[in-house]
Amino acid sequence: MAEMEEDIGDLPLLDTEASESFELDTPAERSGHIAVVDRNVMYVWGGYKNAQNHGFFDLYLPRTEIWTYNMESGVWTKHIAGGNLHMSMSGSCGVCVDGVLYLFGGHHARGNTNRVQFLYLEACQPAVSADHLSELLYSVLLIFFGGYGYAAQGPHQGTFEYDESSSLWDSPGRGWNNHIHILDLETYTWSQPVTTGNTPSPRAAHACATVGNRGYVFGGRYKNYRLNDLYYIDLDTWEWHEIVPQQCPVGRSWHSFTPVSSDLIFLFGGFTTDRETLSDAWLYCVSKNEWKPFKHSHTQSPRLWHTACSGPDGEVFVFGGCANNLLSHHRAVSCTFYFYTT
C-alpha cells in the first residue's frame with residue numbers, strides 16, 4: 001500500500017490475516033498480490049482483501065497459501081507452503097528462480113518492511129519472473145528500483161524526497177526514492193551500482209520490464225502526480241536513458257507492464273492523477289520506440305494493483321486488483337481474463 005493516503009502507519013499489530021480463503025475453491029478477491037508464471041502455470045501469493053466488518057483494517061491473505069492457475073485448463077489449485085514466512089503482506093516484489101520464490105519489501109499491519117523472504121515451491125515447477133516496488137531479473141541479480149517508504153540510513157546512491165503528508169501518520173515520515181538495490185543470488189549480498197545518464201525521478205507504484213539487457217520503467221506516482229515517462233537502464237553499464245515516443249499513454253500508477261516478446265511490452269490498466277481506474281491497453285515496440293493502442297474486449301473491466309503474466313503463446317493473463325478508486329476502499333476482484341497479443 002505504498003501509494004495509499006489512508007495508510008495505517010505504526011498502529012499496533014493486529015491479527016488481520018484472512019482465514020476464510022481456506023474454504024474457497026478459487027482464490028479470494030485481492031489486490032497488492034504477486035504473480036509469477038512458468039510455461040502454462042501461474043502462481044499467486046499474498047495481497048489483501050477488503051474487510052466489510054473490520055472497520056478501517058483490511059485482511060491480508062494467508063502467508064502460507066499459494067494458488068496455481070493452469071492456463072490451458074483454467075483450473076485453480078491451492079497449496080499450503082511450509083517454512084516460516086515473517087508476515088502476510090501486500091505490495092511485495094516477487095520472483096521465482098530455480099524453485100525458490102524470493103519476496104522483498106511490501107506492507108503489513110505495522111508499515112513497510114525491508115526483509116527478504118524465501119518460499120520453496122516444492123510441489124510446483126519454478127517460475128521465472130513477475131511483478132511489483134518494482135523489480136527486474138537479470139542473470140543471477142534481482143534488481144529493485146524506486147518505491148515509497150522510510151529514508152535509508154547512511155550513505156546512499158540516489159534521491160529520497162519526503163512526503164509531507166506522511167508525518168500525520170508516521171514518525172519519522174516516509175517518501176519516494178529512485179534508488180537501485182541489487183541482490184546477488186549467488187552470494188546473497190546487497191549492493192548499489194553507480195549509475196550514469198538521465199535518472200528517473202523518485203516514484204512508487206510504477207512498473208518495470210526486462211527485455212534483453214535493458215530494464216524498462218514506466219509511470220508511477222510522485223507526490224500528487226501519476227507519470228507517463230519511459231526510461232530504460234542498460235544492465236551491463238548502468239546507464240539510464242529517457243525515451244520520448246511521439247505518442248504516449250496517459251500518466252498512471254498501479255498498472256502492469258509485461259514483456260510478451262523480445263520486442264514488445266504490454267501495458268494494461270492503472271490509476272490516473274484524476275483518480276480514474278483505467279481499462280486501456282497498449283503495446284510498446286522496443287525496436288521502433290513506438291506506443292500503439294491495443295484493442296480488446298475487456299474495456300468494461302478497469303483494473304489497478306492487479307498482476308499480469310505472459311503465457312507461452314503470447315497471452316497476457318490478468319488476475320485480481322481493484323476495479324474502482326483504490327482510495328475509496330472499494331472491493332477488490334478475483335476473476336482472471338486474458339489478452340492475445342500475437
Side-chain angles (χ1 to χ4, degrees), residues 25-27 30 33-47 66-79 81 93-103 119-132 134-143 185 207-216 218 235 255-269 279 281-288 292 294-298 301 303 306-321 333-342:
D25 294 327
T26 57
R30 67 189 67 200
H33 52 288
I34 66 163
V36 295
V37 67
D38 178 53
R39 292 185 287 276
N40 67 335
V41 178
M42 179 172 65
Y43 304 84
V44 174
W45 178 87
I66 300 175
W67 287 88
T68 58
Y69 178 77
N70 188 301
M71 296 177 178
E72 294 181 351
S73 66
V75 173
W76 284 101
T77 305
K78 184 174 66 177
H79 307 266
C93 291
V95 65
C96 189
V97 182
D98 296 333
V100 181
L101 178 61
Y102 295 87
L103 303 169
L119 185 62
Y120 292 91
L121 303 178
E122 296 176 354
C124 307
Q125 296 293 322
V128 287
S129 66
D131 117 347
H132 217 8
S134 285
E135 95 277 27
L136 303 165
L137 174 64
Y138 186 60
S139 184
V140 294
L141 304 178
L142 296 185
I143 304 165
L185 297 182
C208 293
T210 306
V211 178
N213 69 336
R214 294 180 176 183
Y216 288 84
F218 177 76
L235 299 175
H255 48 289
S256 56
F257 198 41
T258 311
V260 293
S261 74
S262 61
D263 196 38
L264 295 174
I265 309 175
F266 181 77
L267 170 70
F268 176 69
S279 62
W282 297 73
L283 280 172
Y284 175 71
C285 179
V286 173
S287 61
K288 297 180 180 179
K292 285 189 176 181
F294 182 84
K295 295 182 179 180
H296 61 87
S297 58
H298 302 289
S301 299
R303 293 295 168 86
H306 54 283
T307 54
C309 293
S310 58
D313 300 314
E315 315 99 319
V316 175
F317 288 79
V318 172
F319 172 71
V333 290
S334 61
C335 65
T336 303
F337 56 84
Y338 59 89
F339 304 88
Y340 279 108
T341 60
T342 56

Taking all heavy atoms of [X] and all of [Y], pick out the closest pair and write down the distance.
| X | Y | result |
| --- | --- | --- |
| A209 | F257 | CB-O, 3.8 Å |
| M42 | M71 | CB-CE, 3.9 Å |
| V211 | P259 | CG2-CB, 4.4 Å |
| A281 | H296 | CB-CD2, 3.6 Å |
| V318 | A308 | CG2-CB, 4.2 Å |
| T258 | S310 | CG2-N, 3.8 Å |

Mind running side-chain contact (heavy atoms from CB on, under 4.5 Å) on C285 and D263 for me, showing each step along the way? CA-CA 6 Å; C285 179; D263 196 38; 3.2 Å; yes

Give, for atom [atom1] of [X] and atom [atom2] of [Y], the distance between the pair rounded to the nearest 0.5 Å.
| X | Y | atom1 | atom2 | result |
| --- | --- | --- | --- | --- |
| I66 | T77 | CD1 | OG1 | 12.5 Å |
| T307 | H33 | OG1 | NE2 | 3.0 Å |
| I265 | F218 | CD1 | CZ | 11.0 Å |
| L264 | K292 | CG | NZ | 9.5 Å |
| K78 | T26 | NZ | OG1 | 10.5 Å |

Could you go through the side-chain contact (heavy atoms from CB on, under 4.5 Å) check for W67 and R30 one step at a time? CA-CA 12 Å; W67 287 88; R30 67 189 67 200; 3.9 Å; yes

Any side-chain to backbone donor/acceptor pair from T341 onto G314? Under 3.5 Å, distance only. yes

Donor-acceptor contact below 3.5 Å, side chain E72 vs main chain N70: no

Are the aromatic rings of Y69 and F319 close, with centres under 6.0 Å apart?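 No; F319 has its ring centre 6.0 Å or more from that of Y69.
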
How about F268 and F339: are their ring centres within less than 6.0 Å of each other?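 Yes; F339 has its ring centre under 6.0 Å from that of F268.
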
Go through it in stages, so that I can follow the logic: the residues are V44 and W76, the test is side-chain contact (heavy atoms from CB on, under 4.5 Å), and I'd like the CA-CA distance, side-chain angles, deciding distance and then a yes or no. CA-CA 10 Å; V44 174; W76 284 101; 3.9 Å; yes

Tell me every residue that passes side-chain hydrogen bond (donor to acceptor under 3.5 Å, both in side chains) with Y216, counting only those two or more places apart in sequence or in another chain.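 Y216 satisfies side-chain hydrogen bond (donor to acceptor under 3.5 Å, both in side chains) with R214 only.
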
Evaluate the criterion side-chain contact (heavy atoms from CB on, under 4.5 Å) for residue pair T210 and I143; output intermediate values, then yes/no. CA-CA 10 Å; T210 306; I143 304 165; over 6 Å; no

